[in-house]
Amino acid sequence: RPYSVRLIQNAAGSSNMTLYGPNLRDWLSVMPTCTPGEKIVASCMYYLDKALPAGAIAGSGFSCQVYFYDKDGTMFGNTSAGATTNPPVGSWFQAGGKPVTVPNGAVRFRTVPTVYLNVGYTPNAAKIYIGQVEAKRQVGDVLIENGAITAPKITASQELSAKVAEFIEV
């Protein structure tokens, strides 16, 4: 189910989002654990019902940010998992989807949909919807999600057999 967002411009030219829909607000309060060095692939789906005025989109435009928090719960850094500055109108599009590396000192993270607008643009020309906010762990080239690790994808080796044999009694 999509959630509508209202963008409020601030002096720096970026927009804060006032979120409608309790499930999206709940999602933004979710802070999964993470380990420095691991890869997180975050993405956000957006939908525009009308075109924004020419020149309205600033910086990275429609972005999917990943915020990192230390053991005390203090945010100390963020990075973009990808963005688009040329969004289509009338169809869903993705921002994000590129892996980001968890920095040293991070123990939790949050995925945050973000839209940047230039100073002077009133962001009420179009409704912007968010349909899906995701964060997945990546190991090598494999995203850890439902179905990522299944029996056909496991290759038996002599080393694996030896490890399994340690736990099997005949």
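- The two atoms that bring Ser80 and Ser63 nearest to each other are OG-OG, 3.4 Å, heavy atoms only.
- Shown here for Ala81 and Ala42, the closest heavy-atom pair between the two residues is CB-O, 3.4 Å.
- Here Ser91 pairs with Pro88 under the side chain to side chain contact (heavy atoms under 4.5 Å, CB included) rule; sequence neighbours left out.
- The hydrophobic cluster containing Val66 also includes Ile40, Phe68, Phe76, Val100, Val102, Phe109, under a criterion of side-chain heavy atoms closer than 4.5 Å among ILVMFWY residues, counted directly or through chains of members.
- For Asn78, the side-chain hydrogen bond (donor to acceptor under 3.5 Å, both in side chains) test picks out Gln65, with sequence neighbours left out.
- Checked by atom type and distance alone, the side chain of Asp72 never pairs as donor or acceptor with a backbone atom of Thr74 at under 3.5 Å.
- Sorted by first and then second residue, the side chain to side chain donor-acceptor pair (under 3.5 Å) pairs involving residues 32-45 (not counting sequence neighbours) are Glu38-Arg137, Lys39-Thr101.
- Across Pro36 and Asn104, no two heavy atoms sit closer than the pair CB-OD1, 3.6 Å.
- Residues Gly97 and Val41 approach most closely at O-CG1, 3.4 Å, considering heavy atoms.
- A distance-only check finds a donor-acceptor pair linking the side chain of Thr114 to the backbone of Val112 [under 3.5 Å].
- Taking the ring-ring contact (aromatic ring centres under 6.0 Å, His included) definition, one finds that Phe93 meets it with Tyr46, Phe62, sequence neighbours left out.
- Within the 4.5 Å cutoff, no side-chain heavy atoms of Thr79 are placed close to those of Pro103.
- In this structure Tyr69 satisfies the side chain to side chain contact (heavy atoms under 4.5 Å, CB included) test together with Met31, Tyr67, Met75, Arg108, Arg110, sequence neighbours excluded.
- Here the closest heavy-atom approach between residue Val133 and residue Pro113 is recorded as CG2-CG, 3.9 Å.
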